[in-house]
Amino acid sequence: MPRKTATKPRPPERDYSHRALLDKLGVKPGQRISVLGVDGAAFLNDLAAVAPGAAHGQPQKESDLILLGAGDLKSLERVKSLEPHMKRNGAIWIVYPKGRRDIREADVMAAGKSAGFTDNRICRFSDTHTALRFVIPIARR
C-alpha cells in the first residue's frame, strides 16, 4: 500500500482586520480623491486628515481614487460616467449596503463590469456597508 506523504499545511489567508479603513482603501497623502455620496462623519474626518483636498459631490479630473456611494440600483448608473475623471492607474470604490435584496454584490459587480472595469478587491467599509474596488483593465491603460 502506498504511503501517504504529509501535506504541507496551507498558510493562513492575510488578515486585514487590524488595518484602518483608509489603509484598506489605499488612501495616501497627496492623492486626488473624489467622494460621491459616501457619508459618515468619522470617515470623512479621517479622510480630511490624510487627504485634505478631497472633493465632495463632483468628481475631480485625474482622481487617484473615486469613492461612490450606491444605496440603490439607480445610483450604480453613475459608474459608467466616471472613467474620464480617473487616472489610468486609479480606482473606483463602490460603497454599498450589506444584506439588502434591492442592491447586492452581484449588482455592483455587474455595474462595474458593464462600465468596462475589472473588480480586484473588496473590504468591510463599516458595520453596515461593504466596498468593492474597480480598476481600468491593464490592457486599456
Smallest separation among heavy atoms of [X] and [Y], with atom names:
X     : Y      : answer
Ala51 : Gln31  : CB-O, 4.4 Å
Val79 : Ala111 : CG1-O, 4.2 Å
Gly90 : Val135 : O-CG1, 3.7 Å

Subject >> Candidate pair Met86 and Ile92, rule side chain to side chain contact (heavy atoms under 4.5 Å, CB included), full reasoning >> reply: CA-CA 8 Å; Met86 61 190 288; Ile92 297 173; 3.7 Å; yes

Salt-bridge present ([X], [Y]; N to O < 4.0 Å):
X      : Y      : value
Asp102 : Arg100 : yes
Asp119 : Arg133 : no
Glu83  : Arg88  : yes

Original post:
Are Leu132 and Met109 close enough, and set up right, to give a side chain to side chain contact (heavy atoms under 4.5 Å, CB included), and what steps lead you there?
Top reply: CA-CA 8 Å; Leu132 188 58; Met109 290 182 106; 3.5 Å; yes

Acceptor/donor pairs from residues 63-71 side chains to any protein atom, 3.5 angstrom cut, sequence neighbours excluded:
{"from": "Ser63", "atom 1": "OG", "to": "Ser34", "atom 2": "OG", "distance (Å)": "2.7"}
{"from": "Ser63", "atom 1": "OG", "to": "Gln60", "atom 2": "O", "distance (Å)": "2.8"}
{"from": "Asp64", "atom 1": "OD1", "to": "Lys87", "atom 2": "NZ", "distance (Å)": "3.1"}
{"from": "Asp64", "atom 1": "OD2", "to": "Arg32", "atom 2": "N", "distance (Å)": "2.7"}

Subject >> Inter- and intrachain pairs under ring pair (Phe, Tyr, Trp, His ring centres under 6.0 Å), touching residues 106-141, at least two apart >> reply: Phe43-Phe125

Original post:
Under the side chain to side chain contact (heavy atoms under 4.5 Å, CB included) criterion, do Glu105 and Ile122 qualify, and how do the steps go?
Top reply: CA-CA 10 Å; Glu105 182 178 337; Ile122 191 165; 4.0 Å; yes

Original post:
Is there side-chain contact between Cys123 and Trp93, with heavy atoms separated by less than 4.5 Å?
Top reply: yes

Subject >> Non-hydrogen side-chain atoms of Val108 and Ile94 separated by less than 4.5 Å >> reply: yes

What distance separates [X] [atom1] from [Y] [atom2], expressed to the nearest 0.5 Å?
X     : Y      : atom1 : atom2 : value
Asp39 : Leu44  : CG    : CG    : 7.0 Å
Lys24 : Arg121 : NZ    : CZ    : 11.5 Å
Leu21 : Leu47  : CG    : CG    : 9.5 Å
Ile33 : Leu25  : CD1   : CG    : 9.0 Å
Leu36 : Gln58  : CG    : CD    : 7.5 Å

**OP:** Say whether, by atom type as modelled, one donor and one acceptor occur between the side chain of Asp23 and the main chain of Arg19 under 3.5 angstrom.
**Re:** no

Original post:
Counting distance only, does the side-chain N/O of Arg141 pair as donor-acceptor with the main-chain N or O of Ile136 below 3.5 Å?
Top reply: yes

Original post:
Stepwise, does the side chain to side chain contact (heavy atoms under 4.5 Å, CB included) test hold for Lys98 with Thr128?
Top reply: CA-CA 6 Å; Lys98 295 179 183 180; Thr128 60; 5.9 Å; no

